[in-house]
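Input: a single structure, listed below in structure tokens.
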Protein chains: 2
Amino acid sequence: MQDHLQKYFTLAFSIDCVVFGFDGADLKILLIERGEDPFDGFWALPGDLVAPDEDLNSSVNRVLKELTGLSDLFFEQVETFGAVDRHPLGRVLTTGYYTLVKISDYELNPSSFAAEARWINVNDVKELAFDHNQILDSCIQRLQKSVRTRPIGFELLPPHFTLTELQGLYEAILNIELDIRNFRKKILQMNFLKETGQVQQNVSHRPAKLYQFDEEQYNLLKSKGFNFEV
Amino acid sequence: MQDHLQKYFTLAFSIDCVVFGFDGADLKILLIERGEDPFDGFWALPGDLVAPDEDLNSSVNRVLKELTGLSDLFFEQVETFGAVDRHPLGRVLTTGYYTLVKISDYELNPSSFAAEARWINVNDVKELAFDHNQILDSCIQRLQKSVRTRPIGFELLPPHFTLTELQGLYEAILNIELDIRNFRKKILQMNFLKETGQVQQNVSHRPAKLYQFDEEQYNLLKSKGFNFEV
DNA sequence: TCAAAAGTGTTCTGCATACACCCATGT
DNA sequence: ACATGGGTGTATGCAGAACACTTTTGA
């Protein structure tokens, strides 16, 4: 390499993940408590430095696997942050990703930093390490945009779910209230839900029907998108 | 810095800009012809390595200033690319930005790489250096999305313009045809256009009225956005 | 029988769409 | 007078928004 280029090859790069989960009532994210400086004791987004021979996507998958024990999670790149002083140890640029996890699939993984991970209600997040609040805001906004145009919300639900749960998910993500009749009309029109024939068990009210995704329709919509302007 | 971290601080980072312009008929981008390896002789997006003490936005502004002689251009971050082998000289990650320029403001700047710059019709772009075709595609898609929800298209027009020019701009960006009556109805309803009182000169047909932006309304819309689902 | 959530239809309004003719100017 | 692009209004259909009561179960 030519000499005048050397000084540019002195930066580090990381990825940070906003891992969203839905517990049936609230939208949550996974945070980890840092056990070392800088920001010792602060809560932070899971993330890691990108190795010199590692792709961005590999890096995200690695972090998610270590954190949740799960592979092939849905994720989307959101924004890259590069303020000169964003990391106290040196020049580290970072790219924020959001990820969707079925909270029921998630199990704490005893290895690595996952031991310190916790689900926190999105609305209860306080001051985070580094510029992670900024990354979080950016990811929330992107999720809100994407959920209206692509059927990604369903990555957050268990295989069988009620329409009320689905509506609650949209309400939690978009932070608005939806009309029950209009919501059902619109969702059912889209035609990617199938009745399972089952209903809720042991609820002290009229049990709701359980639905699942019609794989075919669902994959079709995944590729061409939809409009859910609520 | 701790030793085990050293190996991560060996990457370089760049920004690449898709500079859009509109000549009244077609959507164009500024490309530069490379005069050195790698990809000597190839056309490429304007861009540069980010200095160790330089913010991303500063870096974009610097490149745009060198390229066009203009400051304070509108730009938006789009996507970051980090494939391990994307740059032959070493590990260089890059973030793609798109930028909007009033083509009439643009003057070739004799300094720096601008001498080799040329406006190319978006549809005529062939094989570019590095992964720049990918970056371009990503920026075009983003521009198409953004132009429907924010009044950014107007960054591409001169201060006074006709409704037909405005429609042509939307058609060029979105690559579709629009109905003239419906377009005018919708645009005028939005209420951020003001008649200048002037009309076209020296045209061999009925001269069109010239419009300008109503700054107040325009800035209002900039912050809250709009819906232009065409 | 009561509490609690599930489930269901209609009306109204506004916006997108489709569509054809006359107008003002320069040559 | 003709060629060229500028400029205008209406009717239709569809989708979003608002809105209240009955049903089913467990306690």
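Here is how names work: the chains are called A, B, and so on, in the same order as the sequence lines, proteins then strands, and each is numbered from 1.
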Over how many whole Å does the gap from A:D179 atom CG to C:dT8 atom C1' extend?
12 Å
Interface with DNA chain C, restricted to residues 193-208 of chain B and to heavy atoms under 4.0 Å:
B:V203, B:S204, B:H205, B:R206, B:P207
Heavy atoms under 4.0 Å, any strand shown: does A:T164 hit a base, just sugar-phosphate, or nothing?
sugar-phosphate
Here's a test of your reading of the structure: between B:K209 and A:I180, which maps to the more 5' nucleotide of DNA chain D?
B:K209
Contacts of B:R34 that satisfy side-chain hydrogen bond (donor to acceptor under 3.5 Å, both in side chains) - sequence neighbours left out
none
Can you measure A:R184 atom CZ to C:dA5 atom P for me and round it to whole angstrom units?
14 Å
Under-3.5 Å donor-acceptor pair between B:R181 side chain and C:dA20 base:
yes
A:N61, A:V101, A:L64, A:T99 screened by side-chain contact (heavy atoms from CB on, under 4.5 Å) with A:L70, the one that passes:
A:V101
Using a 4.5 Å cut-off on heavy atoms from C-beta on, say whether the side chain of B:Q167 contacts that of B:E177.
no
Going by side-chain hydrogen bond (donor to acceptor under 3.5 Å, both in side chains), name the residues that satisfy it together with A:E165, two or more places apart in sequence or in a different chain.
none
Nearest 0.5 Å, what's the CD-NZ distance between A:Q212 and A:K194?
5.0 Å
Could you check whether atom CG of A:D72 has more than 12 heavy atoms from other residues, nucleotides or ligands sitting under 6.0 Å from it?
no
Relative to the ring of B:F154, is the ring of B:F213 parallel (under 30°), tilted (30 to 60°) or perpendicular (over 60°)?
tilted
Using side chain to side chain contact (heavy atoms under 4.5 Å, CB included) as the criterion, list what pairs up with B:Q189, not counting sequence neighbours.
B:K185
DNA chain C nearest-nucleotide lookup for A:L188 and B:N182: closer to the 5′ end is A:L188
For A:Y97, check ring-ring contact (aromatic ring centres under 6.0 Å, His included) against everything at least two apart and list the hits.
A:F75
Take the protein atom CD of B:E177 and the nucleotide atom C1' of C:dC19, then report the distance between them rounded to whole Å.
15 Å
Show each protein N/O and nucleotides 13-16 of chain D N/O combination with a separation under 3.5 Å, one pair to a line.
unit_1	atom_1	unit_2	atom_2	d
D:dG16	OP1	A:K186	NZ	2.7

Taken to the nearest whole Å, CD/B:E165 to P/D:dG5 is 13 Å
